[in-house]
2 protein chains.
Amino acid sequence: MITTRDIAERLGISVSTVGRALSDDPRISEETKFRVRQAASEMGYVGNRAARMMRGASSNVVALVIPDIRNSFYSTIAHELSKNMEAEGFQLMLSETDDDRMVELRHLRELSANRVAGVIIVPTARPHGDSVKLLRGLPHLQLLRRHPSLGSQWFGVDDHEALRRGTAHLVAQGHTRIAYVGGPTELPTGAERLRGFRSALSEGGLPDDAGRTELAPPSSVDHGRQAVRRLLKGPDAPTALVLGSIQLTLGVLEELSEQGVKVPGELSVVGFGDEPGFSWWGPGLTTIGLPIQEMATGCALWLMRRLKAKGDNDGPYTSVSPGSLVVRGSTAPPDGKTPATSD
Amino acid sequence: MITTRDIAERLGISVSTVGRALSDDPRISEETKFRVRQAASEMGYVGNRAARMMRGASSNVVALVIPDIRNSFYSTIAHELSKNMEAEGFQLMLSETDDDRMVELRHLRELSANRVAGVIIVPTARPHGDSVKLLRGLPHLQLLRRHPSLGSQWFGVDDHEALRRGTAHLVAQGHTRIAYVGGPTELPTGAERLRGFRSALSEGGLPDDAGRTELAPPSSVDHGRQAVRRLLKGPDAPTALVLGSIQLTLGVLEELSEQGVKVPGELSVVGFGDEPGFSWWGPGLTTIGLPIQEMATGCALWLMRRLKAKGDNDGPYTSVSPGSLVVRGSTAPPDGKTPATSD
DNA sequence: CGTCTTCGTGCTAACGTTAGCACTACTGGA
DNA sequence: TCCAGTAGTGCTAACGTTAGCACGAAGACG
């Protein structure tokens with residue numbers, strides 16, 4: 001690799017002068033600058049950021065720590081972040097945890113060793129103690145999920161309200177046997193979504209146990225399929241189903257298609273998230289849409305500002321985005337009844 | 001940040017001893033090692049990779065340069081790569097080019113400045129001259145797309161064969177007016193796919209202009225929608241359509257759904273790639289599936305081996321994976337005819 | 001003509017880590 | 001007893017870059 005020293009030797013000047021010329025120092029004459037730049041370009045010089053970092057410069061890498069990039073929710077986040085940060089000269093490091101706290105820990109160790117400038121993390125349910133320590137040394141921001149030990153800077157969705165609305169839609173159509181399949185309540189997001197579901201039930205005057213709830217491990221497409229099989233059995237099977245995660249929704253849709261379940265005839269379905277394909281699934285999936293782009297952009301801006309400010313901790317920060325119900329064809333009143341009210 | 005020096009001072013020993021203890025040098029006594037590790041752990045020491053790199057150690061970061069992570073083909077690649085490399089202690093840097101050669105160049109500059117260990121790249125149609133220079137200095141591997149200036153190490157799909165098979169399926173069903181909508185022939189992949197389409201036509205005894213071909217910019221969902229509108233107009237509209245990119249397929253499916261086109265009654269469709277949703281779209285999409293996982297794993301293994309070997313250039317390397325036709329319900333003989341032969 | 005300023009450049013140290021060499025204190029054999 | 005060998009540790013330089021200080025030349029001003 002070419003260094004400033006190579007350039008200096010070739011031009012018969014000192015490394016300092018080369019360094020200053022390349023950083024456009026006003027003390028260097030225009031003629032020298034020109035010759036240095038010329039030589040640098042010819043020789044294919046590329047500055048070594050590792051060396052700069054040794055001199056106190058900060059890294060230009062921000063890490064995104066998520067469960068699984070194949071989940072299109074996260075890939076959209078990654079895309080938006082990347083776009084926003086590229087504009088500011090930052091690069092994106094991608095770390096997948098697979099919802100395994102030990103993998104998460106290994107990644108955080110590497111990120112810390114690499115002295116990344118910042119971290120945006122969707123934490124696992126119970127991060128390892130060392131992960132907590134490592135994050136303390138890095139500007140970071142929690143996304144979607146929130147764990148108290150990781151600080152109070154968080155960008156998330158109003159999960160309670162999102163599920164309340166999705167469920168209320170079904171209640172308003174007259175459903176009384178409504179099932180919920182969501183993620184574990186270990187995660188605050190999971191707990192909030194379940195709570196939102198229950199709120200809607202009680203607001204609709206339905207007893208709590210009118211809802212059959214099933215909790216699955218996070219990121220489990222397969223569990224969605226299994227849940228469908230279990231729910232459709234039995235005499236008082238639910239007439240409607242609300243989902244609490246994208247992956248579960250994908251699994252549910254696949255299974256419903258395979259089994260040829262009539263939607264919304266046999267079962268009304270409210271999905272979670274809005275993926276390409278949800279609109280053309282069966283009669284079109286009514287679903288709880290999330291403002292992914294806005295969230296990602298918000299995250300990026302917050303972090304960029306935080307990194308530039310160099311102020312250490314600028315207090316707690318919480319940004320909550322609402323979900324919005326996208327009504328398509330997968331929901332209808334049970335047995336053809338007319339809905340009491342429309343929401 | 002804690003350094004080896006901090007540890008050394010606290011224990012009243014030299015930095016060398018600390019460094020050696022942490023790297024488990026056999027010359028250091030077990031007792032000293034124990035004390036050092038203890039102190040390091042208590043003080044939250046994390047080695048500084050930038051400093052190690054200055055001493056000649058190589059980076060543990062591999063970059064993936066792709067058009068758009070939201071394309072689930074690429075997110076699957078990213079996932080598989082990440083998984084394989086995490087096992088070897090490597091981290092993944094994600095760079096999105098948006099198929100813009102200048103963005104690609106900016107990313108490559110950053111990657112080079114960061115001295116990433118290697119690069120896996122899906123190049124833009126005509127990479128910038130400087131991009132070519134930069135990649136020369138980095139172990140790299142082209143994926144899917146291939147540009148001659150970027151060397152001869154390439155992992156790809158047998159695009160010609162993939163499209164030949166997809167088209168042959170329609171020819172065998174008796175279609176004579178078959179349209180193709182694919183990416184630009186500027187990209188070798190695009191050219192190969194078009195060639196595969198034409199091969200199948202001529203093998204089926206159909207004249208070349210039996211096929212209406214449309215070429216779109218890469219990664220263009222929207223163009224897929226437009227193409228449908230154009231193709232369905234006119235008296236001798238095609239009875240079948242073959243697609244040459246995932247994004248185009250997504251657009252086409254959306255538009256066909258919206259316009260309520262009967263598939264395969266009015267139009268038979270062979271898609272490209274296999275996404276979640278393709279199986280439940282309309283009657284199920286017959287599509288050209290790609291062995292994404294195998295390719296990603298192959299790439300990861302090749303690069304890992306290349307980086308460990310430290311041998312500079314181990315000659316040209318090309319790995320070609322075949323596509324496989326996944327037959328679902330979106331293809332049928334035109335006007336109810338029985339297929340001549342089934343393939 | 002001497003001093004003061006300005007311009008352009010060079011020298012040196014420092015960032016954190018590691019490898020080579022040097023040094024000390026033992027141990028064992030002649 | 002003396003030397004060789006070895007175990008354990010310290011000192012120093014080096015990686016590439018940059019910031020502080022110093023230096024020489026040239027011009028400005030009294």
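Small disclaimer: the values here were computed from a predicted structure and weren't measured. Scope of the values below: all heavy atoms of this structure, side chains included, with no hydrogens, waters or symmetry mates.
Ion pairing between A/Arg35 and A/Glu30 fails under the 4.0 Å rule for side-chain N and carboxylate O. Taking the charged nitrogens against the carboxylate oxygens, A/Glu186 and A/Arg126 do have a contact shorter than 4.0 Å, which makes a salt bridge. The pair A/Glu42-A/Arg10 counts as a salt bridge, with a side-chain nitrogen and a carboxylate oxygen less than 4.0 angstrom apart. Ion pairing between a basic and an acidic side chain is recognised when a charged N comes within 4.0 Å of a carboxylate O; A/Arg109 and A/Asp130 show such pairing. Between A/Arg101 and A/Glu104 there is no salt bridge, since no side-chain nitrogen of the basic residue lies less than 4.0 Å from a carboxylate oxygen of the acidic one. A salt bridge is absent between A/Glu96 and A/Arg70; no separation between the charged side-chain nitrogens and carboxylate oxygens falls under 4.0 Å. Electrostatic pairing of A/Arg5 and A/Glu9 counts as a salt bridge here, judged by a charged N lying under 4.0 Å from a carboxylate O.
Rounded to an integer number of Å, the gap from A/Arg20 CZ to D/dC21 C1' is 10 Å. Distance B/Arg5 CZ to D/dG10 P: 15 Å, rounded to the nearest Å. Rounded to whole Å, atom P of D/dG8 lies 17 Å from atom CG of B/Leu11.
Remark: of the listed residues A/Thr124, A/Leu108, A/Thr97, A/Leu108 is the sole one forming a side-chain contact (heavy atoms from CB on, under 4.5 Å) with A/Ser131.
Using a 4.0 Å heavy-atom cutoff across all strands shown, A/Thr32 reaches sugar-phosphate atoms only and no base atom. At a threshold of 4.0 angstrom between heavy atoms, the contacts of A/Ser16 include nucleobase atoms, whether or not backbone atoms are also involved. Nucleic acid contact for B/Arg52: sugar-phosphate only, since backbone atoms but no base atoms lie under 4.0 Å from a heavy atom of the residue. Contacts of A/Thr3 with the nucleic acid, taken as non-hydrogen atoms under 4.0 Å apart, involve only primed sugar atoms and P, OP1 or OP2.
Contact annotation: B/Thr17 side-chain N/O to D/dG10 OP1/OP2 distance is under 4.0 Å.
Of the two residues near DNA chain D, B/Ser29 and B/Ala51, the one whose nearest nucleotide lies more 5' is B/Ser29. Checking A/Tyr45 against B/Ile28, the closest nucleotide of DNA chain D that is more toward the 5' end is the one next to B/Ile28.
Defining each end axis of the helix from C/dC1-D/dG30 to C/dA30-D/dT1 as the rotation carrying four pairs' C1' atoms onto the next four, with five pairs an end, the two axes are found to diverge by 70° to 10 degrees.
With sequence neighbours excluded, the residues that form a side-chain contact (heavy atoms from CB on, under 4.5 Å) with A/Leu303 are A/Val62, A/Ile120, A/Leu307.
Mapping heavy-atom proximity under 4.0 Å, the span of DNA chain C touched by chain A runs 5' to 3' from C/dG8 to C/dG16.
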